[in-house]
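These values consider heavy atoms only, across backbone and side chains, with no hydrogens, waters or symmetry-generated copies. Note that ligands are numbered from 1 as they come in the structure, with each ligand's atoms numbered from 1 the same way. Remember, it's a predicted structure, so these values are computed and weren't measured experimentally.
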Amino acid sequence: MLAGHYASALALSAAAPRAPLWALCIAAQCVDIAWSVFVVTGIEEAHIEPGFTASNGLVLAQVVYSHSLVAAFLWALGAALLAFAWRRDLVVSLAVAAAVASHWFLDLPMHTPDLPLAGPESVRVGLGLWNQPVLAFGLEAALLGLSGWAFSRRAGPPATRWGRPALFATLGLLCLAGYFGPQPDHIVPTALTGLFVYLTLPMLASRA
Ligand SMILES: [Zn+2]
């Protein structure tokens, strides 16, 4: 899941409007930001095997530090502490923690069983919806649509007139590209492209 993770940022921003959307966007992809860095630096192992799932060829061989359930909760705890040091606002900290933890629970239905519960030898889980691309795309699009609607109803006036439509259009395009766009065949460019999205999309969110 790529674009769909931003659904949790939009929904949590609707539930806790004091938490800035751009911060929730970084939080929702914190696990994948770590993954991109760990894959590029060789700390974690992943590669592309075309046709591995019907949606993409992503093979996560060892992703304990970024994508285990225990790690997701530790990332969430770290992010919550950081957010509290920054804003001194418990609601904002909880929203940030929920956005970070939500990543793992949104990956769970999509991934093949490659998400470890704890260490490298622990049970790996994943419901494999990526093998049903139409269903997977429908789920991501529905989550984005619903959360975008909730965000539009609850959020204050947009920072700029173009910001919100531009953000929604970008998320829609990312969602389409994830399933119907060209599939990458090397892992490092994939991770770096992801990193570019994870770091630039929050800038767009700050204008929405
Ligand atoms: Zn992920």
A.B. asks: Determine, stepwise, if the pair Leu167 / Leu21 fulfils side chain to side chain contact (heavy atoms under 4.5 Å, CB included).
C.D. replies: CA-CA 11 Å; Leu167 176 68; Leu21 181 62; 3.7 Å; yes
A.B. asks: Inspect the surroundings of CZ in Phe137 and state if more than 12 heavy atoms from other residues, nucleotides or ligands are less than 6.0 Å away.
C.D. replies: yes
A.B. asks: Applying side-chain hydrogen bond (donor to acceptor under 3.5 Å, both in side chains), name anything that partners Asp32, two or more places apart in sequence or on another chain.
C.D. replies: His67, His103, Tyr198
A.B. asks: Could you report the tightest heavy-atom contact between Gly148 and Phe168, atom names first, then the distance?
C.D. replies: O-CZ, 3.8 Å
A.B. asks: So for atom CZ, which belongs to Phe180, do other residues, nucleotides or ligands contribute more than 12 heavy atoms lying within a distance under 6.0 Å?
C.D. replies: yes
A.B. asks: Give every protein N, O or S atom lying under 2.8 Å from the Zn ion (ligand 1), naming each by residue and atom.
C.D. replies: Asp32 OD1, His67 NE2, His103 NE2, Asp107 OD2
A.B. asks: Within this structure, what is the CG-CG distance for the pair Leu10 and Leu143, rounded to the nearest 0.5 Å?
C.D. replies: 10.5 Å
